[in-house]
Participant: 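The structure under discussion is supplied below as structure tokens; questions concerning it will follow.
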Amino acid sequence: MKTAHNVNLQPYNTFGFNAMAERLVRIENTSDLAQYFETEEPKPSLVLGGGSNLLLTRDLVGTVLKIEIPGFEVVAEDKDAVFVKVGAGYGWHDFVLKCIENNWAGVENLSLIPGNVGTAPMQNIGAYGVEIKDVFHELEAYIIGDRCFESFGLNDCNFGYRESVFKRKLKNEAVIASVTFKLAKTPKFNTSYGSIETELERMGVKDLNLRAVSDAVINIRQSKLPDPKQIGNSGSFFKNPEIPTSQYEQLQFAYPNIVGYKVSETTTKIAAGWLIEQAGFKGKRYGNYGVHDKQALVLVNYGGATGAQIFELSEEIIRAVSAKYGITLEREVNVV
Ligand code: EPU
């Protein structure tokens, strides 16, 4: 465990906002985690993973815990799958690359997602037709109130679209220490997401393999999502809203080009990027922050903007989309 005082969190959030932590404690293994909560009160003001889904709007008094627990270990294996236990502090994309190197399938569509393994289950990260729940086996979390570690299986996590029990009932109550994934020895490729097929064709791939799918996803992401190392952002800022299909059909009369995908008999998911673009915000720049010009769902800090400014912009977008379409956008990012 390492402690420092008055630390700027700028390098630790992908938006790159300046926000001071009164105290930063680095948790380097599971014993650190237990020791911290056994000896310290009150609760930390923030538990920080890769900082890739975080809108910091202020300086933080008290303690910020930075989870840096390492580890990558095959813990079991059967004829179809390997079970890999990964420390919460392991970088998500490094984990994906390691799976590809070993020819373990399941996470290739989730290539290049910023953030760490430990925070991935919190919002059930997803991209190109795959969500973490599809490869999830179990996780180990420290339950602050009970002062002990607990295992969570798939059903305990209540995974939904960018949702889990860790964002709801256990918000600020559980700190994820490790995640165990079930990866397939024989790939079941999921290239149904249209742009993957197109990109694989463009790349001239004849024999599908994990590396090719990963490279296709990387190319697609790089073509429309800004690299946080160059332009501060947190990926999709809002969730794609789910509305009753009847409401979607009414909107289709007025807006025949509206983009929606049926998720059940009664519910349709609307592309928030389309709503925001049509409301006139795509590529809009307000000095040192704005809306990305290739993906309207991504708000960006060109350098020197504050979280409060981006929050105010997100409020303006929510108001405009609601006024035009009667749909209330919900933020995907964690606002602190
Ligand atoms: N669209 C527009 N204008 C835009 C952006 C999108 O009209 O500026 C429309 C287009 O019709 C496009 C459709 O929206 O075809 C879908 O866009 P895209 O494929 O870029 O996906 P998305 O729904 O905007 C979601 C996830 C992403 C994930 C991609 C690919 C959410 C909130 N976002 O974005 O996840 O990478 O699908 O699967 O579900 C993230 O969560 O941070 C993230 C990047």
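When a ligand or atom number is given, it counts from 1 through the structure's own listing order.
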Participant: Could you work out, for atom 37 (O) of ligand 1, the closest of Y193, Y128, Y161 by heavy-atom distance?
Facilitator: Y193
Participant: Between R319 and E312, does any NZ, NE, NH1 or NH2 come within less than 4.0 Å of an OD or OE carboxylate oxygen?
Facilitator: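 Yes, this pair counts.
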Participant: What part of E277 sits under 4.0 Å from ligand 1 if we count only heavy atoms: the side chain, the backbone, both or neither?
Facilitator: side chain
Participant: Under 4.0 Å from a heavy atom of K224: give me the atoms of ligand 1 that qualify, with their elements.
Facilitator: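 Here the atoms of ligand 1 in question are 18 (P), 19 (O), 20 (O).
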Participant: Can you tell me if N53 and N334 form a side-chain donor-acceptor pair at under 3.5 Å?
Facilitator: no
Participant: Apply side-chain contact (heavy atoms from CB on, under 4.5 Å) to the pair I67 and N116, showing each step before the final yes or no.
Facilitator: CA-CA 9 Å; I67 306 301; N116 289 350; over 6 Å; no
Participant: Going by heavy atoms, is Q278 under 4.0 Å from ligand 1?
Facilitator: no
Participant: Quick one: does H292 get a heavy atom under 4.0 Å from ligand 1?
Facilitator: no
Participant: Taking only Lys NZ, Arg NE, NH1 and NH2, and the carboxylate oxygens of Asp or Glu, determine whether K167 and E332 approach each other closer than 4.0 Å.
Facilitator: no
Participant: Mind checking whether K239 has an N or O less than 3.5 Å away from an N or O of ligand 1?
Facilitator: no
Participant: Scan the protein's non-hydrogen atoms and note whether one is under 4.0 Å from atom 12 (C) of ligand 1.
Facilitator: no
Participant: Against heavy atoms of G235, which atoms of ligand 1 measure under 4.0 Å?
Facilitator: 42 (O)
Participant: Only heavy atoms of K282, strictly under 4.0 Å: list the atoms of ligand 1 that pass.
Facilitator: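 Once the distances to K282 are compared, the set is 3 (N), 4 (C), 8 (O).
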Participant: Kindly give the heavy-atom pair with the smallest separation between L297 and A272, and that separation in Å.
Facilitator: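 Heavy-atom minimum between the residues: CD1-CB, 3.5 Å.
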Participant: Looking only at N/O atoms, are Q295 and ligand 1 under 3.5 Å apart anywhere?
Facilitator: yes
Participant: Okay, side chain of K85, backbone of A76: is any donor-acceptor separation there less than 3.5 Å?
Facilitator: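 Between the backbone of A76 and the side chain of K85 there is no qualifying donor-acceptor contact (under 3.5 Å).
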Participant: Please state whether the rings of W104 and F72 are parallel, tilted or perpendicular, taking 30° and 60° as the class boundaries.
Facilitator: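 Ring orientation of W104 relative to F72: parallel.
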Participant: Looking at R162 and E330, does any basic side-chain N land under 4.0 Å from a carboxylate oxygen?
Facilitator: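 No, R162 and E330 are not salt-bridged.
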Participant: Considering only the protein, which heavy-atom contact is closest to atom 10 (C) of ligand 1, and what is its distance?
Facilitator: V259 CG2, 4.5 Å
Participant: Would you check if the distance from the ring center of F166 to the ring center of F152 is below 6.0 Å?
Facilitator: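 Yes; F152 has its ring centre under 6.0 Å from that of F166.
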Participant: Looking only at protein heavy atoms, which one is nearest to atom 8 (O) of ligand 1, and how far off is it?
Facilitator: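 Going by distance alone, atom 8 (O) of ligand 1 is nearest to A296 N, 2.9 Å.
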Participant: When clusters are formed by joining ILVMFWY residues with side-chain heavy atoms under 4.5 Å apart, either directly or through shared neighbours, do I27 and V47 land in the same one?
Facilitator: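 Cluster IDs for I27 and V47 match.
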Participant: For atom 9 (C) of ligand 1, what's the nearest protein heavy atom and its distance?
Facilitator: A271 CB, 4.0 Å
Participant: Should the pair F15 and F17 be assigned to parallel (<30°), tilted (30 to 60°) or perpendicular (>60°) ring geometry?
Facilitator: parallel
Participant: Of the listed options (A272, S236, S52, G129), which comes nearest to atom 27 (C) of ligand 1 when hydrogens are ignored and any heavy atom counts?
Facilitator: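 Checking each option, the heavy atom nearest atom 27 (C) of ligand 1 is found in S236.
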Participant: Under the salt bridge (charged side-chain N to carboxylate O under 4.0 Å, His left out) test against E277, which residue among K284, K282, K324 passes?
Facilitator: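 The residue from K284, K282, K324 that satisfies salt bridge (charged side-chain N to carboxylate O under 4.0 Å, His left out) with E277 turns out to be K282.
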Participant: Quick check on contacts: which atoms of ligand 1 are under 4.0 angstrom from a heavy atom of R221?
Facilitator: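 The list of qualifying atoms is 36 (O).
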Participant: Does atom 43 (C) of ligand 1 have a protein heavy-atom neighbour under 4.0 Å away?
Facilitator: yes
Participant: At a 4.0 Å threshold, what atoms of ligand 1 neighbour a non-hydrogen atom of F238?
Facilitator: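 With F238 as reference, the close atoms of ligand 1 come out as 32 (C).
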Participant: Any Lys/Arg nitrogen of E28 or R26 sitting under 4.0 Å from an Asp/Glu carboxylate oxygen of the other?
Facilitator: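 Salt bridge absent between E28 and R26.
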Participant: Atom 35 (O) of ligand 1: which protein heavy atom is closest, and how many Å away?
Facilitator: R162 NH2, 2.9 Å
Participant: Name the closest protein heavy atom to atom 25 (C) of ligand 1, giving the residue it belongs to and the distance to 0.1 Å.
Facilitator: N240 ND2, 4.1 Å
Participant: K294 to ligand 1: N or O pair under 3.5 Å?
Facilitator: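 The answer is no, given that K294 and ligand 1 share no N or O pair closer than 3.5 Å.
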Participant: Can you figure out which of W274, Y261, F281, F237 has its heavy atom closest to atom 15 (O) of ligand 1?
Facilitator: Y261
